[in-house]
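Treat the numbers as computed from the prediction; the structure is a model and nothing was measured. Numbers here simply count residues along the sequence, with the first being 1.
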Amino acid sequence: MSAVKDCFEMTEKLYQLVNRQPEDRDQTVAAIETLLEMREKLLTDVKGPYTEEEKQLGQEIIKRNAVINLKLRSLKEAIQKDMTSLTKKKDSVDKYVNPYASMQVDGVFYDKKN
């Protein structure tokens, strides 16, 4: 099999993975990382000249890669949103447990007459 076909198959697996609804996001991210690493290794083997079939597969790879990039970007944004939400919840719990911990004392006045 040619390197272009192998790369297309990896891209297709990645495309299917990002388009389905993830049950466990951690496992999905790990699978995505594995597929991306394998595809990166295959991309180094892709060299010309190309047949017409390989050119068509290359066009399909480009189209699917655009969709994959959009899905990965939205996944990244969802993870960042969850992280900021978790940080806010942690801060709010800390403020509830000890409301005077974050008070700053400014404007202290010293009386020099005594």
Side-chain angles (χ1 to χ4, degrees):
M1 214 183 265
S2 73
V4 176
K5 287 182 183 177
D6 291 339
C7 184
F8 177 74
E9 288 178 2
M10 281 297 158
T11 304
E12 182 64 27
K13 288 179 185 177
L14 190 60
Y15 181 78
Q16 296 298 327
L17 184 63
V18 297
N19 277 328
R20 68 178 178 176
Q21 197 67 278
E23 299 88 30
D24 184 21
R25 190 167 62 189
D26 292 336
Q27 289 179 349
T28 303
V29 170
I32 288 171
E33 286 177 354
T34 304
L35 287 174
L36 285 174
E37 289 173 4
M38 291 169 41
R39 190 175 79 156
E40 183 179 354
K41 290 177 185 175
L42 288 174
L43 283 174
T44 58
D45 297 336
V46 175
K47 294 187 176 46
Y50 305 111
T51 63
E52 282 300 316
E53 181 185 357
E54 289 176 338
K55 288 180 182 178
Q56 289 176 351
L57 286 177
Q59 292 298 322
E60 286 296 317
I61 289 172
I62 292 170
K63 289 177 186 176
R64 294 198 173 154
N65 200 36
V67 174
I68 290 169
N69 284 338
L70 287 174
K71 297 286 185 172
L72 289 179
R73 197 171 293 127
S74 67
L75 180 64
K76 178 186 170 196
E77 289 171 358
I79 291 171
Q80 286 177 333
K81 187 177 180 182
D82 289 346
M83 288 174 65
T84 56
S85 170
L86 183 65
T87 305
K88 286 181 183 178
K89 285 180 185 176
K90 182 182 171 191
D91 289 343
S92 120
V93 167
D94 288 344
K95 286 180 182 177
Y96 180 77
V97 170
N98 191 1
Y100 302 109
S102 65
M103 288 187 63
Q104 296 178 355
V105 179
D106 57 339
V108 177
F109 178 73
Y110 293 106
D111 190 10
K112 293 184 178 182
K113 291 185 180 179
N114 290 335

Transitive ILVMFWY side-chain link V46 to L36, under 4.5 Å: no

Spacing of CG belonging to D45 relative to CG belonging to D6, to within rounding of 0.5 Å: 8.5 Å

Atom of D24, atom of Q27 and distance for their closest heavy-atom approach: OD2-CG, 3.2 Å

Distance (rounded to the nearest 0.5 Å) between C7 SG and L57 CG: 9.5 Å

Pairwise side-chain hydrogen bond (donor to acceptor under 3.5 Å, both in side chains) hits with a residue in residues 70-89, at least two apart: R25-D82

Co-membership, hydrophobic cluster, residues M10 and I61, 4.5 Å side-chain: no

Nearest heavy atoms of A3 and L42, plus distance in Å: CB-O, 4.5 Å

Side-chain heavy atoms of R39 within contact of K13, under 4.5 Å: no

Spacing of CD1 belonging to I62 relative to CG belonging to N65, to within rounding of 0.5 Å: 8.5 Å

In one Ile/Leu/Val/Met/Phe/Trp/Tyr side-chain cluster, 4.5 Å: V29, M83: yes

Check: L75 and V18 side chains under 4.5 Å, non-hydrogen atoms: no

Same apolar cluster (I L V M F W Y, side chains within < 4.5 Å links), Y15/L35: yes

Side chains of N19 and V67 in contact at under 4.5 Å (non-hydrogen atoms): yes

Same cluster (ILVMFWY, side-chain, under 4.5 Å), L72 and L70: no

Separation between CD1 of I68 and OG1 of T11, rounded to the nearest 0.5 Å: 5.5 Å

Verdict with reasoning, E54 to K5, per salt bridge (Lys or Arg N to Asp or Glu O under 4.0 Å): CA-CA 7 Å; E54 289 176 338; K5 287 182 183 177; over 6 Å; no

Heavy-atom closest pair, residues F8 and E60: CE1-CB, 3.6 Å

Heavy-atom side-chain proximity of T51 to V4 below 4.5 angstrom: no

